[in-house]
Every structure is written in C-alpha cells, then in structure tokens.
Protein chains: 2
Amino acid sequence: MPDPLIHVAIVEDDPEIRQTLALIINGTPGFSCIFSYADCESAIADLPGHFTDVVLMDIELPGITGIEGVKRLRPQMPRADFIMLTIRHDDEAIFESLCAGATGYLVKDTPPAELLDAIREVRQGGAPMSAAIARKVIRSFRQTSPSPLSDRETEILRLLSDGQHYRSIAEQLFLSPHTVKTHIKNIYEKLQVHSRAEAVRKALGDKLI
Amino acid sequence: MPDPLIHVAIVEDDPEIRQTLALIINGTPGFSCIFSYADCESAIADLPGHFTDVVLMDIELPGITGIEGVKRLRPQMPRADFIMLTIRHDDEAIFESLCAGATGYLVKDTPPAELLDAIREVRQGGAPMSAAIARKVIRSFRQTSPSPLSDRETEILRLLSDGQHYRSIAEQLFLSPHTVKTHIKNIYEKLQVHSRAEAVRKALGDKLI
DNA sequence: CGGAGAATACCCCATACGGGCGATTTCGCC
DNA sequence: GGCGAAATCGCCCGTATGGGGTATTCTCCG
C-alpha cells in the first residue's frame, strides 16, 4: 500500500512565507513538510537525498533562480513534481519554468485551500495553474497575427521548411523551378528575411505553418 | 451593471448528451443555454447572430469537426470563449484545438459541478482543462530528448537559425570560417539533416535552441 | 597508456541559392 | 474599364553552401 502522506519541500527566501507554507502543509492531514530551504544552493546540496513528492519553488530567489533550480534538481529527482510560486505573472518566467520542467505554476496569493488542492492535483497527474497563467499558456498556441502569405506561398514555405530544394518543390507542385523561386522571393519580402533558415525560423515562430 | 447570466451554446451530435448538458446549465442559477446544435454546419449558420459567452464544442462531429468549427466561428464571435469536449485524450486533437482558438478542454465524463466551474472559470479569464489534458499541454514545453549536440554546436546552431552566414558566425565567435563549417557539418550529421532549413526546423521542433 | 569526442583549421569542387529585372495571365474589386 | 494582387515563367550573375577529404590539439575516461 502506498504512503498516503504527500511529502512536500519548500524553497523560498522569505522566512515568513516559508514558515506559513510549512504550517499550512503540516497542519493538514495527508501532507507533510520536513524540508525547507531559503535558497536553491542549499536545496540542491541537500534535497536530492531525501524522498520528496512535490517541491514548491519560489522563482525570485537570491543567487540561483527558481527556474535554474528546477533545471538542476529535476534530473536528480525524477519522481518529484515542481510547482512554481511567483508574485508576478511574468510571461517569460512562465515559459522558461515550463521548459525547465515545472509542472505547476501558482501566484503567491493563492489561498491555502487552493494551494493544497494544487499539490493534490499535481500528484494525481494534473498540472495546476492559476487561472491567468493557464490562459497565457493556452494563448501561446494561437497564431498571434494573421498570415501575410497567400495559400500558395504558405504551401511552398511548408515544403521549404522540410529542407526541400527548388527543384523538388517544383516537381511536387508541377511548377517551373523559376516560379518556385519567384514565390520564395515574395515570401522573403513579406516576412522580411533573406534566407531559407530565417524564413523557417519566422514561419515556425509566428505559427505560419 | 453587466448581465449576470452566462449564456452558453452547445454543439454536440448525441441528442442525449446535448439535452443533458442543456438541462444541467439551465437548471443552475446564473447559467442559461438557449442555443444548441447537432453539428457545426447549423451552428456556423445560426450562432454568430446570437449573443453568446461560452460555446461547448464537441470534437468528434459528423461533417465539419469541432476543431474546424472553432476555426470558423471564432473570427465571427470574438467575445465568446470555446471549451472543447471530447471522449478521447488524443494529443493531436488537443494541440490543434488550442491552435484553432479553444480556451478550455474537458473530457466528457467531467462531473456537472466541474463543468459549471469550468464555464465560470473561462469567463473569469482562466483556461479550464481536465487534469490529464493540462499535464499534456505543460509537458509539450519540455525538451523531449536530451540534445546530442555539444555546447559549441548548440551555440552555432542558434546563430545559424538567425540566418547568419558562415562568415558572420565566425567573426562573432572569433573562429575561422572553416571551423564554423566543420561544426555545421557535424551538426548536420548528428541531426540527420542536409541543410540549414532542415536544421533550423529540427532544432526548433526538438527545442534544441 | 590508449581511444573517443570535441574544437580547431584547411583544401577542392559542383551547384544551389539569393538578388536584380522583366513578362504574361487571371481574378476580384472599385 | 482599369488597377492591384496572385500565380505563372524566364534570364544573368556572384557567392554562399554542402559534401568530400585531412590534420592537430586537448581533455576526459576507462
């Protein structure tokens, strides 16, 4: 039978917040917080040895940031989930945290009950996020601006990004290589780029393909 | 003072589910469902004229799919939020829906109380997702496999994807253009590609840069 | 000690690429 | 009816690119 207790660790530089979090967690049946740290350096040195289910990680920390902390701790703690805590809804920080391996993302004024819900949720295979954060994450999938390219151009850009040559693109679309070249020139002008590499980058970044 | 009532529309081909959903919504104070459709075709023809806050959209529909439906309805209903309903956790469908403009994504066995919560949440700027879905979305930000590239190679790949030439890369890194070329040859071999365009595509796709 | 991988540097060569410039047809829209 | 955008096809030219080699140095690891 599995350990019913969820073991939580905290990395948070503000002593008051750190203690409040620990009190909330230890004061709730089913939760336990034995380890807490004021900075990533000590967490990295001490935490990997101890059994931990969930790490609550502040982002704004002196020295190593919480994002970098997750990046370093994760490989050593494959079974743990990381939930970021932050005061700001900084877009960059959100996506960097997710890339680093965070599974949850909460603003610091999350009420205690919701924080505990989030910890439960992350253990049950979810990805708890504050509402505004979730919206930003979801938004990031959308095409930001309407494509300036025609259908034909988009089609050719797609083949271009497959690494295909003028010639093979021309053959696939039953066109003269000259025509393909003209299209690509027009694509370059519309996207304000000067090479295939730049075009592919821009196309993927702006979700044009 | 704003209308306190949340106006919900439903697009769902199964008559039983459609009616059940409508009953749940109309049976709850603060919610109203006047419009419901069995397919996207009729929704596209009728819905844009009516005031709607939230559209519950089934994905698996005969004819036009729910994903395509969102793509077409969204531009005409900029103030509405779309929540997808699905039976399967199909990865492709999730990301296509989000790209199409969906703001929420729920599995069909979501209990009524949670469904209503989700509708409230999406109206308050959130992005409600079933736990397993949220986890998949968050996972998509992570690097899937460890990079086969050395640090130097990654650095050069980054400059390459900016559209820079051998020469300017060499100058920036204080290297001979020959060296840059050798690195790029090695990058191509490791990534199994044969051109800058392909390399950039793979690099961005696999989150190597 | 030996081997592998990484980083550095160089050579040759065919060709794909990007820029510049012009042209026709079709289609929709004012 | 004319104008612009899109799609099609064409030529010239210089150079960047990619593939084929070879070589040295250094470090890390078994």
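Hydrogens, waters and symmetry mates are skipped; everything else that's a heavy atom, side chains included, is used. A note on names: the letters A, B, ... follow the listed sequences, proteins ahead of strands, and every chain is numbered from 1.
Rounded to whole Å, atom C1' of dT8(D) lies 14 Å from atom CD of E155(A). The CG-P distance, from D151(B) to dA6(C), rounds to 10 Å in whole Å. Across the protein-nucleic acid pair, N186(A) atom CG and dT8(D) atom P stand 11 Å apart, rounded to whole Å. When rounded to the nearest whole Å, the span between NZ of K181(A) and P of dC13(D) equals 13 Å. Taking atom NZ on K190(B) and atom C1' on dA4(C), their separation rounds to 12 Å, with Å as the unit. If you take CZ of F174(B) and C1' of dA9(C), they are 18 Å apart, rounded to a whole angstrom. Across the protein-nucleic acid pair, L173(A) atom CG and dA6(D) atom C1' stand 15 Å apart, rounded to whole Å. Protein atom NE2 of H194(B) is 18 Å distant from nucleotide atom P of dT15(C), rounded to whole Å.
The side chain of H178(A) contributes no N or O atom lying less than 4.0 Å from OP1 or OP2 of dT8(D). Taking 4.0 angstrom as the limit, Y166(A) places a side-chain polar atom (N or O) nearer than this to OP1 or OP2 of dG18(C). Put simply, T179(B) has no side-chain N or O that comes within less than 4.0 Å of OP1 or OP2 on dC10(C). In terms of phosphate contacts, Y188(B) brings a side-chain nitrogen or oxygen within less than 4.0 Å of OP1 or OP2 of dG18(D). Phosphate proximity of dT8(D) to R152(A): present, with a side-chain N or O under 4.0 Å from OP1 or OP2. Distances shown here put every side-chain N or O of R196(B) at or beyond 4.0 Å from the OP1 or OP2 atom of dA16(C).
A side-chain donor-acceptor contact under 3.5 Å links R142(B) and T103(A). Side-chain contact, D39(B) with S42(B): a donor N or O sits under 3.5 Å from an acceptor N or O. Side-chain polar atoms of T86(A) and E60(A) form a donor-acceptor pair below 3.5 angstrom.
Taking for each of K185(B) and S150(B) the nucleotide of DNA chain C with the nearest heavy atom, the 5'-most of the two is the partner of S150(B). Between I156(B) and H165(A), the one whose closest nucleotide on DNA chain C sits nearer the 5' end is I156(B).
If you check distances only, the side chain of T182(A) does reach the base of dC9(D) with a donor-acceptor pair under 3.5 Å.
Of the charged side-chain nitrogens involved, none lies within less than 4.0 Å of a carboxylate oxygen, so that E171(B) and R167(B) do not count as a salt-bridged pair.
Using a 4.0 Å heavy-atom distance criterion, H183(A) is classed as a base contact. As judged by a 4.0 angstrom heavy-atom cut-off over every strand, I184(A) is placed among residues making no nucleic acid contact. As judged by a 4.0 angstrom heavy-atom cut-off over every strand, S176(B) is placed among residues touching the sugar-phosphate backbone only.
In this structure, CG in L160(B) is found 11.0 Å from CD in E198(A), a value given to the nearest 0.5 Å.
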